[in-house]
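Structure, as structure tokens:
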Amino acid sequence: MNVGEGLLEDLAHGHVPNLFREMGMASEWRHNRAGFIRKAAIAGAVTALAVYLLRRRN
């Protein structure tokens, strides 16, 4: 919840946040590449499944 509020507050003040860096993904990529790739693959699969299910319903 706080993340969403922070994003909206940044956008309200005219600042577009760099989510990749602010969420620590650059450090994750540098220091734990296998974990980053695994998390990205899982997130991609979940997103693809959600899009498939939402489109199938229509």
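For the numbers below, each heavy atom of this structure counts, side chains included, while hydrogens, waters and symmetry mates do not. None of these values were measured; they are calculated from a predicted model.
- For residues 11-25, no pair satisfies salt bridge (charged side-chain N to carboxylate O under 4.0 Å, His left out), with sequence neighbours left out.
- Listed by chain and residue number, Leu53 satisfy the side chain to side chain contact (heavy atoms under 4.5 Å, CB included) test with Leu49 (two or more places apart in sequence, or in another chain).
- In this structure, Ile42 belongs to a hydrophobic cluster whose other members, linked by side-chain heavy atoms under 4.5 Å apart, are Val46.
- Applying the salt bridge (charged side-chain N to carboxylate O under 4.0 Å, His left out) test to every pair with at least one member in residues 2-12, sequence neighbours left out, gives no pairs at all.
- Partners of Glu28 under the side chain to side chain donor-acceptor pair (under 3.5 Å) rule, at least two apart in sequence or in another chain, are Asn32, Lys39.
- Pairs engaging residues 14-42 under the ring-ring contact (aromatic ring centres under 6.0 Å, His included) rule: Trp29-Phe36 [sequence neighbours left out].
- Met23 and Ile37 fall within the same hydrophobic cluster, where Ile, Leu, Val, Met, Phe, Trp and Tyr residues are linked whenever their side-chain heavy atoms come under 4.5 Å apart, directly or through other members.
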